[in-house]
Amino acid sequence: MKNFAVFVSGHGSNLQAIISKVKTGGIKAKLKLVVSNKKEAYALKRAKRAKISCLVVEAENFKSREDFDREVIKHLKKQKIDFVVLAGFMRILSPVFVRAFKNKILNIHPALLPNFKGAHAIKDAFEAKVKITGVTVHFVDEKVDHGAIILQEPLPITSKDTLATLEKRIHTLEHQLYPRAIDLFARGQVKILGRRVVLRGSL
Ligand code: GRF
């Protein structure tokens, strides 16, 4: 079974969904470590409650982005982490990190990429008045919100939606889609061919 780490910065609702799926066997991999760049992140409380080791690495203690990343890589190697799951990790990883875990870093984005990249995707989609938005799970490469797409799920925006209801519906969808994508990856059913991702087996 593969070992993985989840990177967080905040609330950690995706982390919670992942913890639950690991517990019930819905993700066939071992969640060994939760890494946060914010010591006050609520996600850390969730990890501790589930008795998962936590690592807090704060940017102000490092001279450069690369130094920060090298420190994190050191811990991941020590713990024999096979792949990394970003779940609300609000920090850009440098090429040093991306190359160290090439095609082994997953991210979730609350819109249908390549639309609405960036940190305010739900609000941006809502304000753009699009009829359909959704959720994307993708590999992380050296550009932000850009890597090859693993799974996407559309979500219609209705006339009754407010920004708050849309946020809630997007998060609910994330909590279903991300564990599914992580499990597929952990089982070796996600193959990446350039920008194209091929899924083996059934969804
Ligand atoms: C999610 O909407 C995710 O798509 C985005 O950041 C948010 C994290 O939420 N990358 P949480 O910390 O998992 O609750």
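Just so it is clear, the structure is predicted and the values come from calculations on it, not from any experiment. Numbering of ligands and ligand atoms starts at 1, following listing order.
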Short N or O distance, [X] and ligand 1, threshold 3.5 Å exclusive:
X      : result
Ile122 : no
Leu15  : no
Asn107 : no

Suppose we measure from [atom] to each protein heavy atom; which comes out shortest, and what is that distance?
atom                    : answer
atom 11 (P) of ligand 1 : Ser13 N, 3.4 Å
atom 10 (N) of ligand 1 : Ile108 O, 3.2 Å
atom 9 (O) of ligand 1  : Asn14 ND2, 3.8 Å
atom 6 (O) of ligand 1  : Gly88 CA, 3.6 Å
atom 12 (O) of ligand 1 : Gly12 N, 2.8 Å

Pairwise ring-ring contact (aromatic ring centres under 6.0 Å, His included) hits with a residue in residues 127-151, at least two apart
Phe139-Phe185

Identify whether the distance between the nearest side-chain nitrogen and carboxylate oxygen of Asp141 and Lys102 falls below 4.0 Å.
no

Residues Arg70, Asp67: salt bridge by 4.0 Å N-O rule:
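Between Asp67 and Arg70 there is a salt bridge, with a charged N closer than 4.0 Å to a carboxylate O.
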
Quick one: which ligand 1 atoms are inside 4.0 Å of a heavy atom on Glu174?
1 (C), 2 (O), 3 (C), 4 (O)

I'd like to check the salt bridge (Lys or Arg N to Asp or Glu O under 4.0 Å) partners of Glu66; sequence neighbours left out, ordered by chain and number.
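Checked Glu66 against salt bridge (Lys or Arg N to Asp or Glu O under 4.0 Å); zero matches.
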
Ring centres under 6.0 angstrom apart (Phe97, Phe7)
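Yes, the ring of Phe97 comes within the 6.0 Å limit of the ring of Phe7, centre to centre.
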
Could you tell me if any non-hydrogen atom of His171 lies under 4.0 Å from any atom of ligand 1?
yes

Please tell me if the side chains of Leu76 and Val84 come closer than 4.5 Å, counting only heavy atoms from C-beta onward.
yes

Check this for me: Lys123, atom NZ, are more than 12 non-hydrogen atoms of other residues, nucleotides or ligands nearer than 6.0 Å?
no

